[in-house]
2 protein chains.
Amino acid sequence: MKTEIKGVNGLDNKEKLIISEIKSLINLKNMEPGEKLPSERLLADRLGVSRGSIRNAIQKLEFYGLLKSMPQSGTFIADLGLTAINGMIHQIINLPTPDFKSLVETRIFLELKLVKFAAARRTEEDLSEIEEVLEKYKFKVLAGEDAVAEDLLFHLSIAKASHNPSLNRLMLSITPQIITDFEKYHVCKSNTALNAIDEHQAIVDAIRFKDPSRAEEKMKEHFSVLYQYCYESN
Amino acid sequence: MKTEIKGVNGLDNKEKLIISEIKSLINLKNMEPGEKLPSERLLADRLGVSRGSIRNAIQKLEFYGLLKSMPQSGTFIADLGLTAINGMIHQIINLPTPDFKSLVETRIFLELKLVKFAAARRTEEDLSEIEEVLEKYKFKVLAGEDAVAEDLLFHLSIAKASHNPSLNRLMLSITPQIITDFEKYHVCKSNTALNAIDEHQAIVDAIRFKDPSRAEEKMKEHFSVLYQYCYESN
DNA sequence: AATATAAATTTGGTTAACCAATTTAAGTAT
DNA sequence: ATACTTAAATTGGTTAACCAAATTTATATT
């Protein structure tokens, strides 16, 4: 049997099936928004699978905010109405696995905004943390060592300074996949690391002086190679 | 005992503790990137909890792309290096629960980009689907009925037409929370629904004519009230 | 000694039984 | 009838035992 390759954050066939069945059951019972889902035992029995599998599927839907389990009480359906629930679950199940270009496109888009917010909202603590991370990055690069991790932490420290937990979370959720893809597709050339020091420094300076547009501009320059890769065919 | 309120997508204290312990163990064993995590049984025994709890925590980290479980083989650590893993887990654990403003800010930001992509990349099928959803929305509004769900599906159909699965996924993951918060804070006034029809139509027209900047502009107008709410204090 | 083969172990996934908090129903006194 | 008390049933969470595939180790064969 062939090994099933499941993309990051994707759903395997069994999960899709169970989620789809849960959707059908919600429709069948014509449940009101905010109502309780049938108990895990009942679902497991009804769908002919174990409770563990049901709990797994519920956790996936909890991530998308469609369900919420309350201990010793029940699992509640988001107060969205049947039509919305159906539409969302349909899209979730049929969501394609993000490809590399989607991820890069998303990252550039996210980070250009994050750095603007960071420049506008950063506290002194944020700035200290960013500078501290930058120093570690410089040290590694100047020592001729690999600094992929330090580069990553630099960008994450900016994301944190944006003071938008929602965007920060999105950034966190796509970062590892991008990093590993970078190495796979050999996008990131190590010989550009020396340039990157100056680019990073320019970004930090803009954040220090609370200049959002300059911060965005410098981040754009930092991403220029990546940007080119992403839109070379457009 | 007080009921523990766990925000959407948030981690409860037990999950945070287990994730933190896993991080410590990775550091203790000084594991190489890409290496296998100790087995679930060993982790459960080492941390004094059940395998189920371990599996739960692993699933959370899988969402962030830090771990990947392979059946009958093991759970592999993302190829990021120890420093990056530590930094990411630290941020994940200490990530604040997104507040309403963060969500609204994120939604506006995401949708302005999604609609641009949709206008640039939409297929005929995408357009048909968007128009179909719009018709249902119009019908509901003109009938004087509640059309929150149809409005939601309209925006999701645009997200789909963006042909960026990564952004689409992010949009899906923040949408339900926003909708429910809308109703909680009474942001969305039902009497503006008639205006919204024209606004939606203008967006669709721009998408039909493949005019990204006009699409973005029309979406911005559609979000004007929301935009004001979000940045009223800035 | 190198290689092929098979048995034993380890692994994540699954299932079933158990626990404590909650909810619901029944009972009882007022 | 109503309000309060209590007990039975339901619920999500937890634990332990089991399964099949993958890995490792041991063994036999050349």
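A note on names: the letters A, B, ... follow the listed sequences, proteins ahead of strands, and every chain is numbered from 1. Side chains are part of it too, since the values below use all heavy atoms of this structure and drop only hydrogens, waters and symmetry mates.
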Colleague: When you compare the side chains of Asn168(A) and His163(A), does any donor N or O come within less than 3.5 Å of an acceptor on the partner?
Modeller: no
Colleague: Using a 4.0 Å cut-off on heavy atoms, which residues in residues 18-25 of chain B reach DNA chain C? List them by number, or say none.
Modeller: none
Colleague: For Glu40(A), which residues count as a side chain to side chain donor-acceptor pair (under 3.5 Å) partner, sequence neighbours excluded?
Modeller: Arg51(A), Arg55(A)
Colleague: Can you tell me the distance, in whole Å, between the CD atom of Glu40(A) and the P atom of dT14(D)?
Modeller: 11 Å
Colleague: Can Glu129(B) and Lys160(B) be counted as an ion pair, charged N to O under 4.0 angstrom?
Modeller: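 Between Lys160(B) and Glu129(B) there is a salt bridge, with a charged N closer than 4.0 Å to a carboxylate O.
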Colleague: Show your working on side-chain contact (heavy atoms from CB on, under 4.5 Å) between His222(B) and His155(B) and close with a plain yes or no.
Modeller: CA-CA 11 Å; His222(B) 182 49; His155(B) 289 276; 3.4 Å; yes
Colleague: Would you say Thr106(B) and Ser166(A) are linked by a side-chain donor-acceptor pair, where the criterion is simply a distance under 3.5 Å?
Modeller: yes
Colleague: Figure out the CZ/P separation between Phe76(A) and dT10(D), and round it to whole Å.
Modeller: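 Going from Phe76(A) (CZ) to dT10(D) (P), I get 17 Å.
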Colleague: Output yes when at least one side-chain N/O atom of Ser73(A) is less than 4.0 Å from OP1 or OP2 of dT11(D), else no.
Modeller: no
Colleague: Quick one: Asn56(A) CG to dG13(C) C1', roughly how many Å, whole number?
Modeller: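 Rounded to the whole Å, the gap is 10 Å.
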Colleague: What pairs meet the side chain to side chain donor-acceptor pair (under 3.5 Å) rule with one or both residues in residues 74-86 of chain A, with sequence neighbours excluded?
Modeller: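 Applying side chain to side chain donor-acceptor pair (under 3.5 Å) to every pair that reaches into residues 74-86 of chain A, excluding sequence neighbours, yields Asn27(A)-Asn86(A), Ser69(A)-Thr75(A).
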Colleague: Take the protein atom CG of Leu67(B) and the nucleotide atom C1' of dG12(C), then report the distance between them rounded to whole Å.
Modeller: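 So the two atoms are 13 Å apart, to the nearest Å.
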Colleague: To the nearest angstrom, how far is Asp45(B) atom CG from dT11(C) atom P?
Modeller: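 Result: 12 Å.
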Colleague: With axes from five pairs an end, tell me the bend angle of the helix from dA1(C)-dT30(D) to dT30(C)-dA1(D), nearest 10°.
Modeller: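 That helix gives 20° between its end axes.
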Colleague: Using whole Å, what does the distance between atom P of nucleotide dT10(D) and atom NZ of Lys36(A) come to?
Modeller: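 Result: 11 Å.
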Colleague: Would you find a donor on one side and an acceptor on the other, under 3.5 Å apart, between the side chain of Lys36(A) and the backbone of Ser73(A)?
Modeller: yes
Colleague: Taking CD from Gln59(A) and C1' from dG13(D), how many angstroms apart are they, rounded to a whole number?
Modeller: 12 Å
Colleague: In B/S/- notation, 5' to 3', how is nucleotides 15-20 of chain D contacted by protein heavy atoms closer than 4.0 Å?
Modeller: B-BBBB
Colleague: Would you mind reading off the distance between Leu37(B) atom CG and dT11(C) atom P, rounded to a whole angstrom?
Modeller: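 Nearest whole value for this atom pair: 11 Å.
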Colleague: Starting from the C-alpha separation in whole Å, work towards a yes-or-no answer on salt bridge (charged side-chain N to carboxylate O under 4.0 Å, His left out) for Glu105(B) and Arg121(A).
Modeller: CA-CA 14 Å; Glu105(B) 189 171 272; Arg121(A) 302 169 181 173; 2.5 Å; yes
Colleague: Ser24(A) side chain to Ser20(A) main-chain N or O, any donor-acceptor pair under 3.5 Å?
Modeller: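 A pair under 3.5 Å: yes.
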Colleague: Give a yes/no answer on whether the side chain of Thr75(B) brings an N or O atom under 4.0 Å of OP1 or OP2 in dG12(C).
Modeller: yes
Colleague: Taking all non-hydrogen atoms of both residues, which atom of Phe63(B) and which atom of Arg169(B) are closest, and how far apart?
Modeller: CE1-NH2, 2.8 Å
Colleague: Who passes side chain to side chain donor-acceptor pair (under 3.5 Å) against Asn56(A), sequence neighbours left out?
Modeller: Glu15(A), Gln59(B)
